[in-house]
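In what follows, a structure is listed as structure tokens, so that the remarks can point back to it.
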2 protein chains.
Amino acid sequence: MTDATTDQDVERQRTAVIARALADPKRLCVLESLSEGELSVSDLSVCVGCQVPNMSQHLAVLRAAGLVHSRREGSTVYYRLADPRILEAYRLIQMIAH
Amino acid sequence: MTDATTDQDVERQRTAVIARALADPKRLCVLESLSEGELSVSDLSVCVGCQVPNMSQHLAVLRAAGLVHSRREGSTVYYRLADPRILEAYRLIQMIAH
DNA sequence: TCACAGCTTGCGCAAGGACGCAAGTGGCTC
DNA sequence: GAGCCACTTGCGTCCTTGCGCAAGCTGTGA
């Protein structure tokens, strides 16, 4: 017995996770920065203007939402956008915001 | 002297407010329901499956984000989508979520 | 004016998020 | 191995959110 609304609810839940990942100015700034190519955590912390541990946490949120991928090169970790469509969504919401 | 990043920051802040409004399954359900036309608060509370005061609060969030408009008719308040593009954004994020 | 229906608001609580700081982990070089 | 760099994780604190419940409007009709 599936609790009544399972499918649609799960779908909305996943959509909500992504929307929540977009619901922070610093994370939006991260996405903007990554639109031009991949960057390291420390690069991003400079772009956004926050401490490295804080940036690492924001990136974890974006990663959990599936919006970014990471790649290790030596001791440096590079992040990149997982799906270019996320920028479309960003722009669209930005337009709605005027 | 403007605090360095004022304009872009304000822009991201407003985008974040909208994204946050989308970041809840019940509010997404509200938007879906309103896609077919305007509905009253009690209608929506039935569609979504929550209590009326709770629905009223969710609607206040959506209204603060500028995503819905309300209209009073007698003692009943009808809500409708403020901008059809919000559905596009919803669908887009939904696609990204797979 | 009274009673009622439809919404909103206030309050208290529990859960979650953002941040700073300190500590831990993994890779590089010497 | 020792030391260092880049990043992640843990912890404590403060602030915000979602919810249920009760109380307050506001409009309708008797």
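Letters A, B, ... mirror the listed sequences (proteins, then strands); counts begin at 1. In this text the structure is predicted, and so the values were computed from the model without any measurement.
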Considering every strand and a 4.0 Å limit on heavy-atom distances, what is the contact class for [X]: base, sugar-phosphate, or nothing?
X	answer
A/V41	sugar-phosphate
A/T76	sugar-phosphate
A/V77	sugar-phosphate

Can you measure [X] atom [atom1] to [N] atom [atom2] for me and round it to whole angstrom units?
X	N	atom1	atom2	answer
A/Y78	D/dC5	OH	P	16 Å
B/L39	C/dC7	CG	C1'	15 Å
B/L44	C/dT8	CG	C1'	15 Å
B/M55	C/dC7	CE	P	11 Å

Item to check | NZ/NE/NH1/NH2 to OD/OE distance under 4.0 Å, A/R85 and A/D83 | outcome: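 Salt bridge flag = yes for A/D83 with A/R85.
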
Checklist entry - Between B/R71 (side chain) and B/Y78 (backbone), is there a donor-acceptor pair under 3.5 Å? => result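 Not confirmed, B/R71 side chain does not pair with B/Y78 backbone.
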
Next on the checklist: Is B/S40 close enough to C/dC7 that one of its side-chain N or O atoms is under 4.0 Å from OP1 or OP2 there?
Outcome noted: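 Looking at the OP1 and OP2 atoms of C/dC7, one of them is under 4.0 Å from a side-chain N or O of B/S40.
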
Item to check | Under-4.0 Å side-chain N/O to phosphate OP1/OP2 contact, A/Y79 with D/dA6 | outcome: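 Answer is no, no contact under 4.0 Å.
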
Next on the checklist: Quick one, A/L39 and A/Y79 - any side-chain contact, counting heavy atoms below 4.5 Å?
Outcome noted: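 Answer no - side chains too far apart.
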
Item to check | B/I18 and B/I86, any side-chain heavy atoms less than 4.5 Å apart | outcome: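 Yes, at least one pair of side-chain atoms sits under 4.5 Å.
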
Next on the checklist: Of the listed nucleotides (D/dA6, C/dC7, D/dT9), which one gets closest to any side-chain atom of A/S42?
Outcome noted: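 Closest nucleotide to the A/S42 side chain: D/dA6.
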
Next on the checklist: Which residues pass the salt bridge (Lys or Arg N to Asp or Glu O under 4.0 Å) test with B/D43, not counting sequence neighbours?
Outcome noted: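 For B/D43, no residue satisfies salt bridge (Lys or Arg N to Asp or Glu O under 4.0 Å) once neighbours in sequence are set aside.
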
Checklist entry - Which distance, rounded to the nearest 0.5 Å, do you find between the CZ of A/R27 and the CD of A/E32? => result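 Here the rounded value is 14.0 Å.
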
Checklist outcome for this item: Contact string for nucleotides 17-30 of chain C, one letter per nucleotide 5' to 3', B = base within protein heavy-atom range under 4.0 Å, S = sugar-phosphate only, - = neither, reads SSBBBB----SS--

